[in-house]
There are 2 protein chains.
Amino acid sequence: MVDVADTPDPGGEQAQPSPAVTGAGVQSVDRALGILEVLARTGESGVTEIALELGVHKSTAFRLVATLEAHRLVEQTADRGRYRLGVGILRLAGATTARLDLVQEARPIARQLAADTGETVNIAVLSESSALYLDQVAGSSALQSHNWVGQHIPLHATSNGKVLLAGLDDDGLEAVLGTLATYTSRTITGLPELRAELARVREQGFAVAVDELEVGLTAVAAPIRNAHGDVIASMSVSGPSFRLPEEQVEEVVRRAVAAAVEVSHRLGWGHR
Amino acid sequence: MVDVADTPDPGGEQAQPSPAVTGAGVQSVDRALGILEVLARTGESGVTEIALELGVHKSTAFRLVATLEAHRLVEQTADRGRYRLGVGILRLAGATTARLDLVQEARPIARQLAADTGETVNIAVLSESSALYLDQVAGSSALQSHNWVGQHIPLHATSNGKVLLAGLDDDGLEAVLGTLATYTSRTITGLPELRAELARVREQGFAVAVDELEVGLTAVAAPIRNAHGDVIASMSVSGPSFRLPEEQVEEVVRRAVAAAVEVSHRLGWGHR
DNA sequence: AGACTGCGTTTCGTCAAGCGCAACACCGAC
DNA sequence: GTCGGTGTTGCGCTTGACGAAACGCAGTCT
C-alpha cells in the first residue's frame with residue numbers, strides 16, 4: 001500500500017534501542033498496569049487524573065480503565081464516579097499465595113502462634129530491597145486491624161527485616177541496603193551498628209525490634225529456611241510494647257523460633 | 001468490523017466457562033488480563049500453553065507475559081522456565097485490602113438481611129477464646145434484644161460461635177476451647193457432641209442454636225470468608241424462638257447464607 | 001553422536017487495533 | 001443563564017500490536 005511517511009526518518013536519527021523507561025513491552029498493557037499502580041498509590045482516582053498521570057489522552061485512559069473493570073480489577077465508586085481497585089485483585093492475590101507452598105505450610109502454624117501469643121503474626125520475604133509481607137494472622141482482638149499484606153517495609157527497622165538481612169552474605173547485603181532512614185530514636189542508622197546487630201541475630205537465631213520502626217511497637221522474628229538452609233522468609237510476632245514487656249518477650253521469642261523451625265521442617269529443612 | 005462493546009454491560013459478564021477472553025475493551029489488555037486469570041487457575045503455565053488457552057500466537061502471548069513480568073505481576077520459575085503470578089499482585093492487593101473493612105463491607109448487606117427477616121443481625125469474629133461482636137443491626141420488631149457489640153460470648157452455645165469454631169482445624173479448636181459451661185438444658189457440654197455438631201455445621205455451611213445460650217432465644221449463623229477461603233467472621237440472625245419456628249428457620253437460613261456469601265465475595269472470596 | 005522435538009525467545013513486515021481528537025451528556029458552582 | 005468540570009462516545013489516521021517464521025537451547029529418542 002501507500003508508504004505515507006510524512007515524517008521521514010531524518011537521516012541518521014536511529015531509534016533509541018531502549019526508549020522505554022518503564023521497560024515497556026506491549027504499550028497498552030503497560031499503560032493499563034500503570035493505571036493499577038496509580039490506583040494502588042492514590043487509592044481512588046478519576047479518569048482525567050489517571051490520564052494526566054500516565055501522560056495519555058482521557059479517552060485512552062477511559063478505555064483502559066473500562067477493560068480493567070470488565071475483569072473486576074477496578075471498580076467505580078458510583079455510576080458516574082471515580083475508580084478504585086476491585087475485588088478481582090484479591091482473587092488473584094489469593095491464587096498467588098495459594099501457589100506459594102511457603103504460605104500454605106506456614107499458615108496453620110502461624111495461626112497457632114497467633115493463638116498462643118494473642119498477638120499478630122506476619123510472614124515476610126525479601127523483595128526489591130524491602131520486606132514484602134505475604135501473610136498475616138491477626139491476634140486476639142481486632143480482626144480488622146491494619147493489614148500489612150502486600151506492603152513494603154524497611155529492612156533495617158523491623159525484626160522481620162533484620163532476620164532477612166541476616167540471611168544474606170555481604171555482597172547481597174550491600175546490594176539490598178540503601179540509606180538507613182531514621183524512624184524513631186531507637187532506629188539503627190549506622191552501618192557498623194547494623195552489621196553488629198545482624199551478626200547477633202545470626203548467632204542467636206532471632207531478631208527483636210522495640211520501638212525501632214514506631215514508638216510503642218515491639219516485634220520479634222525468626223528465620224524460615226528451605227531445604228538448603230537458606231533463609232527464605234521470616235515469621236514475626238508483633239504487638240504494642242506494653243503488652244510485650246521484656247520478660248514476656250523471652251517466651252514469645254521461644255514460641256516464634258519454634259514455629260519458624262516447624263515451618264522450615266515442613267519445607268524440607270534439616271530432614272533426617 | 002467488530003463493534004467495540006455495543007453495550008458495556010458491566011453486570012453480566014460472568015460465568016463464561018470457556019477460557020475465551022471476556023471480550024470487550026482494549027484487546028491486548030484484555031488478553032493480558034486473561035493471562036493473569038489463566039495463571040490464577042493453573043498456578044503455573046508455559047508460554048505455549050497460555051497461547052493455546054487464549055487462542056493467540058505464541059509470540060503474542062510471550063510479549064504480553066513479558067510486559068506483565070516487567071511490572072512484577074508474573075514471574076518465571078527459572079531463567080528459561082514457566083510463568084506464574086508474582087509479588088506485584090500482592091502489592092496491589094495490599095492497597096486493596098487497606099480500604100476493605102469487614103464491618104464497612106458487611107453493613108449494607110446486614111441491614112438488608114435485617115430488613116428481610118425482621119430480626120436482629122450480628123457480625124462476630126473470633127477473639128481470645130470467645131466470640132466478639134463487631135456490629136449489630138436491629139430488626140424491625142419492637143422486641144429487641146440488648147446490644148451485644150463489644151461483648152464476648154461463649155463459642156459453644158451460640159450459632160455464631162459454632163460457625164467460627166467450625167472454621168478452625170483441630171489444633172486451633174483445642175487451643176481455643178476451655179470448659180464448656182452449661183447455660184440451659186440444651187447447651188452442648190460434651191466435647192464429642194460439640195465436634196459432631198461442628199462437623200455438621202461445616203458440612204451444611206451454617207449453624208443453628210435454639211435455646212442453647214438462653215431459653216427462648218433462637219439464632220442462625222453463616223460463615224464469612226476471606227480471599228483464602230478462611231472463615232474470618234460470622235453473620236447471624238437471632239430473635240425470640242416463638243418468632244422463629246422451625247419452618248421459618250429454613251427460610252432465614254437461606255437468606256443468612258446468601259448474605260454471608262455476598263459479603264465474602266466483597267472481601268475477595270472467589271467461587272462465584 | 002546425531003537427529004529430532006519441544007521449549008522460550010527474537011526478528012520482521014503487515015494491517016487492524018488502539019490512539020488522540022473533538023464532540024457529547026451531565027453535574028455543580030458561580 | 002454560562003462556565004468549568006466530570007466521565008463517556010464516534011471517528012478517521014497511524015502507530016503499535018499481531019502472526020509467521022527463524023533461532024538457540026535442552027532433553028530425548030534412535
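Nothing here was measured: the structure is a model prediction, and the numbers come from that model.
Atom CD of A:E75 is separated from atom P of D:dG7 by 16 Å (rounded to the nearest Å). In this entry the distance linking CD of A:E69 with C1' of D:dG7 reads 12 Å, nearest Å. As a whole-Å value, the separation of A:R84 CZ from D:dG7 P is 15 Å. Residue A:E44 contributes atom CD, which lies 11 Å from atom P of D:dG7 at whole-angstrom precision. Per the geometry, NZ belonging to B:K58 stands 11 Å off C1' belonging to C:dT10, to the nearest Å. Computed from coordinates, the A:L64 CG to C:dA17 C1' distance equals 13 Å when rounded to whole Å. The nearest whole Å value for the distance from the CG atom in B:L68 to the P atom in C:dT9 is 13 Å. For the pair A:I50 CD1 and D:dT8 P, the interatomic distance rounds to 11 Å; values are reported in whole Å.
Looking at the side chain of B:V47, the nearest of the listed nucleotides C:dC19, D:dC18, C:dG8 is C:dG8. In this structure, of C:dG8, D:dG19, D:dT8, it is C:dG8 that holds the atom nearest to the side chain of B:T48. For B:Q27, whose side chain is taken as the heavy atoms from C-beta onward, the closest listed nucleotide among C:dG18, D:dG16, C:dT10 is C:dG18. Among the nucleotides D:dC18, D:dA17, C:dT9, the one closest to any side-chain atom of A:S28 is D:dA17. Listed candidates were C:dC19, D:dC18, C:dT9. Nearest to the side chain of A:R31 is C:dC19. Here C:dT9 is the nucleotide among D:dA21, C:dT9, D:dC18 with the atom lying nearest to any side-chain atom of B:F62.
Place A:G46 and B:H57 on DNA chain D by their nearest nucleotides, and A:G46 ends up nearer the 5' end.
Contacts classified as salt bridge (Lys or Arg N to Asp or Glu O under 4.0 Å) and involving residues 56-76 of chain B (residues at least two apart or in different chains) are given here: A:R99-B:E75, A:E128-B:R72, B:E75-B:R84.
Contact annotation: B:Y83 reaches the phosphate of C:dT9 (side-chain N/O to OP1 or OP2, under 4.0 Å). Contact annotation: B:Q76 does not reach the phosphate of C:dC7 (side-chain N/O to OP1 or OP2, under 4.0 Å).
Checking A:S236 against A:S159 by side-chain atom types alone, no donor-acceptor pair falls below 3.5 Å. When only modelled atom types and interatomic distance are considered, B:T67 and A:D30 share no side-chain donor-acceptor pair under 3.5 Å.
A salt bridge links A:E262 and A:R266; the closest N-O separation between the charged side-chain nitrogens and carboxylate oxygens is under 4.0 Å. Salt bridge status for A:E49 with A:R82: present, with a side-chain N to carboxylate O gap under 4.0 Å.
Note on B:R63: a base of the nucleic acid sits closer than 4.0 angstrom, heavy atoms only. B:S59 comes within 4.0 angstrom of a base, heavy atoms only.
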